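Since the structure is predicted, the reported quantities are computational estimates derived from the model, not experimental observations. Counting begins at 1 with the first residue of the sequence.
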Amino acid sequence: MQAANPYIYKIKPYVPGKPIDEVRRELGLKSVIKLASNENPYPPSPKALAAMNLAAREVNRYPDGGCFLLRRALARKLNVDDDQLIFGNGSDEIICLSVKAFAAKGDEVIIAKPSFLIYEIASTLSGARLHQVPLKEFRYDLAAMKAKVTARTKIIFIGNPDNPAGTYITQRQTEDFLRSVPKSTLVFFDEAYFEYVRAKDYPDTLGLMKKYPNLMTTRTFSKMYGLAGLRVGYGIASAEIIGILNRLREPFNVNSMAQAAAVAVLGDEAYYRKIAKDVEEQRQYLYRSFESMDVAYEVSFTNFILINVGVDSSQVAGALLKKGVIIRDMAVWGLKGYIRVSIGSASENKRFIKTLGDVL
Ligand SMILES: *Cc1c(COP(=O)(O)O)cnc(C)c1O
């Protein structure tokens, strides 16, 4: 066989959370719950289901490559120009497109450690030199990140809040950081959990874009809006940056069912506000439960929580799996002793807590 792009061999393949059906099949379990991929535990809003039903009748046609209706709806909601938006097959695709567009071989990319794995995978593949700056008490060490910036730094990724820590950087920190970074470096804010954050000092990155044209933000319909299976996310930036990304984008990268559902969920905020509120209540329930079990956790601004189980986390994850509870072992992310659990429905969380108690 011919050799592949040499950077391919440097990549550790991404290991996703195990699908429910796979665990059922492999372990012969009847009831399995998945709290491993930060999904929304509830089905889409009835409006989204109806919109998909209509769109399904036309899947013999290619989708609208320009995402006209979704673009219009989102541009209005966010108060940005149409040409400041790009849509992707999940926001993952926007991350990958941005690295391809801006970081060539020998360029540098700065990320936190641990951080969302796609930043690392995309950068490695492009041949970029990766600087991984350790978190400090599970928060971004912005001073240390700034110290890594050189003339060849093309992108700095800031997951805000980041995964797996669940913490965020503030408006003030963001402004100080942007002031200190050269305009030739793209500062990429990944706001996949934006809709869950209630903190008053959470940064308004869209507002900062006028002053800092090297700033870009991504968000997604996969998390609070619960459309993970459809794969649709988006990026917001200057028209110039979006224009560059559009040159690389595949013409039909967002399918028509996804576009229809995304428009529909934007029109059903009431349904999703209720879910976000439920997640908040459930987060409190989980905190209380961890405290009563003497299990340490990191306060989260998302729909997942990083937990220190103290003992071998791979063993804990394996034992939970055998009992039909899928969570994420953080040892693979370099956090030995930690697991990450997504906030599920009330009954799922109850079952998780009971099972965790049994396992520990
Ligand atoms: C889940 C997640 C994403 C991406 O989700 P898509 O489904 O590709 O939109 C991006 N960033 C972070 C930090 C995430 O946790």
Residue [X] excluded, over 12 heavy atoms near [atom1] under 6.0 Å:
X	atom1	value
Glu137	CD	no
Glu22	CD	yes
Glu58	CD	no
Tyr62	OH	no
Lys183	NZ	yes

Practice prompt. Before giving the answer on side-chain contact (heavy atoms from CB on, under 4.5 Å), spell out for Gln259 and Leu69 the whole-Å C-alpha distance, their side-chain angles and the decisive distance to 0.1 Å.
Written response: CA-CA 8 Å; Gln259 292 184 38; Leu69 293 174; over 6 Å; no
Partner of Ile242 under side chain to side chain contact (heavy atoms under 4.5 Å, CB included), picked from Leu85, Asp81, Ile86, is Ile86
- Task: Check whether any side-chain heavy atom of Leu335 sits under 4.5 Å from a side-chain heavy atom of Phe138, and report yes or no.
- Result: yes
In Å, rounded to the nearest 0.5 Å, how long is the span from [atom1] of [X] to [atom2] of [Y]?
X	Y	atom1	atom2	result
Lys10	Ile8	NZ	CD1	12.0 Å
Ile169	Asn160	CD1	CG	5.0 Å
Glu39	Ile20	CD	CD1	7.5 Å
Tyr234	Thr220	OH	OG1	8.5 Å
Ile33	Ser342	CD1	OG	10.5 Å
Ser115	Phe157	OG	CZ	9.0 Å

Run the salt-bridge test on [X] and [Y] with the 4.0 Å N-O cut-off and return the result as yes or no.
X	Y	result
Lys354	Asp358	yes
Glu108	Arg152	no
Glu298	Arg340	no

Q: Quick one: do Glu269 and Lys77 satisfy side-chain contact (heavy atoms from CB on, under 4.5 Å)? Show the steps, please.
A: CA-CA 11 Å; Glu269 291 292 346; Lys77 182 182 157 80; 2.9 Å; yes
Inset, instruction - Take Asn40 and Tyr272 through the side chain to side chain donor-acceptor pair (under 3.5 Å) test and state the conclusion after the steps. - result: CA-CA 10 Å; Asn40 181 328; Tyr272 291 96; over 6 Å; no
Non-hydrogen atoms of [X] and [Y] that approach each other most closely:
X	Y	value
Ser289	Ser292	O-OG, 2.9 Å
Pro213	Lys211	CD-O, 3.4 Å
Ala36	Arg328	O-NH1, 2.8 Å

Indicate whether any N or O donor in one side chain lies under 3.5 Å from an N or O acceptor in the other, for [X] and [Y].
X	Y	result
Glu175	Gln171	yes
Asn253	Glu93	yes
Glu291	Tyr297	yes
Tyr42	Asp278	yes
Tyr285	Asn349	no

Which residues pass the ring pair (Phe, Tyr, Trp, His ring centres under 6.0 Å) test with Phe87, not counting sequence neighbours?
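In terms of ring pair (Phe, Tyr, Trp, His ring centres under 6.0 Å), with neighbours along the sequence ignored, Phe87 is linked to no residue.
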Going through the checks in order, is the side-chain contact (heavy atoms from CB on, under 4.5 Å) test met by Leu142 and Lys146?
CA-CA 6 Å; Leu142 292 169; Lys146 198 185 108 190; over 6 Å; no
Look at the aromatic rings of Phe221 and Tyr225 and report parallel, tilted or perpendicular, splitting at 30° and 60°.
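Tilted: the ring planes of Phe221 and Tyr225 meet at 30° to 60°.
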Aromatic rings Tyr202 and Tyr168: how do their planes relate, parallel, tilted or perpendicular, breaks at 30° and 60°?
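Tyr202 vs Tyr168 ring planes: tilted.
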Report yes or no: do Phe290 and Leu306 belong to one cluster of Ile/Leu/Val/Met/Phe/Trp/Tyr joined by side chain heavy-atom distances under 4.5 Å?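 Same cluster.
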Determine whether Val99 and Tyr119 satisfy the following criterion, side-chain contact (heavy atoms from CB on, under 4.5 Å), listing intermediate values before the conclusion. CA-CA 8 Å; Val99 174; Tyr119 312 147; over 6 Å; no
